[in-house]
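Step one of this worksheet: look at the structure below.
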Amino acid sequence: MTDSITALWAQQHTDAAPLDAEALALADTRFRRRIRRRDTIEYVAGLLASGVFVNTAVRTPDWGVRIACAAIILGALIVLYNLWRRRPAAHDAALGAPSLAFHRARSSHTT
């Protein structure tokens, strides 16, 4: 293997076609649908688990178990809150724009 990385890079084909804006929008829609489905499953699972631990905390006479159940419920609620807070925003208007404009638009939203 005597070729350097620079030489290999220079020999690469540059005939890659630019991505279509409609294809990007469709892929973004599918990705967001997948995220919504995953988040819904997480919300339902977190609420069911919290319900089970509330039931356990109410029925048990042991205060140690009650405190542990309360800690688990608090942790599940924190996870659900962070999942809600960090969800993706609405569709990006700059999705079909050139990459520099897209990154500038994304950085202006995050600051």
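In the hydrophobic clustering, Val44 connects to Leu48, either directly or through intervening members, whenever side-chain heavy atoms lie under 4.5 Å apart. Counting side-chain heavy-atom gaps under 4.5 Å among Ile, Leu, Val, Met, Phe, Trp and Tyr, Ile41 is found in no cluster with other residues. Side-chain contacts under 4.5 Å among hydrophobic residues (ILVMFWY), followed directly or transitively, place Ile78 together with Leu74. Alongside Val65, the hydrophobic cluster contains no other residue (criterion: ILVMFWY side chains under 4.5 Å).
Rounded to the nearest 0.5 angstrom, Glu42 CD and Ile35 CD1 are separated by 12.5 Å. Considering CZ of Arg38 and CZ of Arg34, their distance stands at 10.0 Å, rounded to 0.5 Å.
Hydrophobic clustering, with ILVMFWY side chains joined whenever heavy atoms are under 4.5 angstrom apart, keeps Phe31 apart from Leu26.
Legend: residues meeting side chain to side chain contact (heavy atoms under 4.5 Å, CB included) with Ile72, ordered by chain and number and at least two apart, are Phe53. Arg85 pairs by the side chain to side chain contact (heavy atoms under 4.5 Å, CB included) definition with Tyr81, Asn82, not counting sequence neighbours. In terms of the side chain to side chain donor-acceptor pair (under 3.5 Å) criterion, residue partners of Arg59 (sequence neighbours excluded) are, by chain and number, Asn55. By the side chain to side chain contact (heavy atoms under 4.5 Å, CB included) test, Tyr43 is found to be paired with Asp39, Leu80, Leu83, Trp84, residues two or more places apart in sequence or in another chain being considered.
Closest approach of Ser50 to Leu77, counting heavy atoms only: OG-CD2, 4.4 Å.
For Thr56 (side chain) and Val52 (main-chain N/O), a donor-acceptor pair under 3.5 Å exists by modelled atom type.
Each side chain to side chain donor-acceptor pair (under 3.5 Å) pair with one or both residues in residues 62-75, not counting sequence neighbours, would appear here, but there are none.
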